[in-house]
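Scroll down for the structure; my scribbles are underneath it.
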Amino acid sequence: MKTFIGKRALASAISLVGLVILVFFLSRLTGDPTNLYLPLDASLEAREQFRELHGFNDPLIVQFARYVGDLLRGDFGQSIRQARPAMEVVLEAFTWTLWLAFITMTLVTVAAIIIGSLAAFKVGGIFDRIATFFSLVGASAPDFWLAIVAIVIFAVNLHWLPTSGTGTALHWVLPVAVLFIRPFGLILQVVRGSMITVLSSAYVKTARAKGVRTRPIIFVHGLRNAMLPVITVIGDQAAAILNGAVVIETIFGFPGIGKLMIDSILLRDFSVVLAAIMVSALAIFIMNLLIDLAYAALDPRIRY
């Protein structure tokens with residue numbers, strides 16, 4: 001297991017280095033940010049001072065070498081827009097996204113596992129058909145459309161919920177609810193399909209013949225063996241949110257890392273873009289590692 005984790009860490013580190021190099025040079029193709037931060041009537045001297053201050057006058061390869069040197073010293077650069085360390089800005093935004101992902105995925109996982117398991121117990125029954133219908137609708141509905149509809153209904157027409165911000169618990173309801181729908185539909189379908197396979201196996205039929213109650217059959221004997229494919233989907237969905245629920249955060253004005261990346265790209269705040277990419281990539285690596293450890297916990301064969 002240690003060797004496997006070491007190989008995964010090395011592969012992730014190589015991928016991260018390649019990603020940083022790619023993003024560094026591609027971000028510079030968007031142009032000089034000087035015109036975005038100085039007034040239109042700024043003098044040529046002021047523009048030259050701005051470029052010199054932020055190192056934009058140097059050749060691109062010199063800028064990259066300087067950035068790598070700063071990176072090795074733990075310096076991720078300064079945010080042009082906010083005039084403070086880029087990593088500080090990114091971690092502040094990532095904390096909001098982390099809470100959003102944790103709340104959403106906790107609710108999604110619990111609801112999808114319970115409902116999907118119960119639906120699989122009686123395939124073709126009323127509960128199974130209702131659960132399957134709503135899960136398919138939820139998995140197919142575009143996030144941006146759901147967000148706009150939710151704002152129109154619950155914020156504009158009914159005035160029940162705010163449209164943006166994070167000030168109170170009510171501000172979190174719409175972003176969490178919209179983010180909940182798609183992963184819930186996907187995970188429920190995987191839980192249901194996996195549980196149908198497990199519940200039709202010989203050892204479950206034997207447990208039923210011995211008179212074991214329904215709840216232990218589903219949630220003790222069946223669920224543990226059905227969780228391997230479910231964990232993969234849960235990890236993928238959690239990583240997608242951690243990587244920045246860009247559309248949802250933008251629509252609801254949520255100060256997460258997805259919205260920060262979009263704003264920083266538009267304003268050519270290069271240091272923040274690169275720091276956000278590194279934090280997101282590291283979060284995905286950790287998420288994948290946790291999935292591998294969960295595999296090993298559920299299936300002892302994987303440990304060896």
Side-chain angles (χ1 to χ4, degrees), residues 8-34 36-38 50-58 60-105 165-166 175 238-250 252-290:
R8 289 297 298 268
L10 179 61
S12 298
I14 294 173
S15 300
L16 180 59
V17 170
L19 184 62
V20 168
I21 295 172
L22 183 64
V23 172
F24 181 91
F25 287 101
L26 287 179
S27 63
R28 263 53 179 188
L29 295 178
T30 59
D32 187 351
T34 303
L36 295 175
Y37 292 95
L38 294 181
F50 181 89
R51 294 190 183 97
E52 190 67 30
L53 176 64
H54 296 285
F56 296 135
N57 278 337
D58 297 327
L60 198 55
I61 192 66
V62 174
Q63 294 183 41
F64 178 70
R66 182 171 57 244
Y67 176 76
V68 171
D70 292 341
L71 201 62
L72 293 176
R73 293 191 297 271
D75 182 3
F76 295 89
Q78 293 283 316
S79 168
I80 302 175
R81 181 163 59 112
Q82 300 190 32
R84 59 194 182 110
M87 186 55 72
E88 180 182 310
V89 176
V90 170
L91 291 178
E92 185 179 285
F94 184 69
T95 302
W96 289 107
T97 299
L98 195 61
W99 276 110
L100 183 64
F102 175 76
I103 294 171
T104 302
M105 290 309 300
T166 56
I241 299 177
L242 283 176
N243 195 32
V246 177
V247 174
I248 300 304
E249 290 181 357
T250 302
F252 290 108
F254 195 86
I257 197 169
K259 185 176 185 300
L260 176 66
M261 279 195 285
I262 293 297
D263 293 342
S264 299
I265 291 170
L266 293 176
L267 294 174
R268 298 170 191 166
D269 199 348
F270 300 137
S271 295
V272 174
V273 173
L274 286 162
I277 291 294
M278 282 188 280
V279 169
S280 298
L282 183 61
I284 293 174
F285 162 67
I286 293 174
M287 182 62 62
N288 289 333
L289 183 60
L290 291 175

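- Annotation: cation-pi geometry not satisfied between R268 and F270 (NZ/CZ under 6.0 angstrom from ring centroid, within 45° of ring axis).
- Closest heavy-atom contact between T97 and I241: CG2-O, 3.2 Å.
- Between I248 and F254 there is no side-chain heavy-atom pair separated by less than 4.5 Å.
- Remark: side-chain polar atoms of D58 are not paired, donor with acceptor, to backbone N or O of Q63 under 3.5 angstrom.
- For the atom pair CD1 (I262) and CG (L267), the distance works out to 11.0 Å, reported to the nearest 0.5 Å.
- Using modelled atom types, one finds a donor on one side chain and an acceptor on the other under 3.5 Å when comparing E52 with N57.
- Going from atom CG of L260 over to atom CD of E92 covers 9.0 Å, rounded to the nearest 0.5 Å.
- Here the closest non-hydrogen pair linking T250 and V246 is OG1-O, 2.7 Å.
- Distance check: F94 CZ to L100 CG gives 11.5 Å after rounding to the nearest 0.5 Å.
- The CG atom of D269 sits 9.0 Å away from atom NE2 of H54, with the distance rounded to the nearest 0.5 Å.
- With contacts defined as side-chain heavy-atom distances shorter than 4.5 Å, the pair L282/L16 does not qualify.
- Of all heavy-atom pairs spanning Q78 and A83, the tightest one is OE1-C, 3.9 Å.
- Contact detail for V90 and V272: the closest heavy-atom pair is CG2-O, 3.7 Å.
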R81/V89 under side chain to side chain contact (heavy atoms under 4.5 Å, CB included): CA gap, chis, key distance, verdict: CA-CA 10 Å; R81 181 163 59 112; V89 176; 5.8 Å; no
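- Note that OH of Y37 is 5.0 Å distant from CD1 of I80, once rounded to the nearest 0.5 Å.
- In this pair, W99 and F102 present their aromatic rings perpendicular. The plane angle is above 60°, beyond the 30 to 60° band.
- Between the CG atom of L26 and the CD1 atom of I21 there is a distance of 11.5 Å, given to the nearest 0.5 Å.
- In terms of heavy-atom proximity, G256 sits nearest to E249 at C-OE1, 3.2 Å.
- Relative ring orientation between F50 and F56 is described as tilted, the plane-to-plane angle lying within the 30° to 60° band.
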Pair F76-L274, side chain to side chain contact (heavy atoms under 4.5 Å, CB included): steps then yes or no: CA-CA 8 Å; F76 295 89; L274 286 162; over 6 Å; no
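- A276 and M261 make their closest contact through CB-CG, 3.4 Å (heavy atoms, listed as atom of the first residue, atom of the second, distance).
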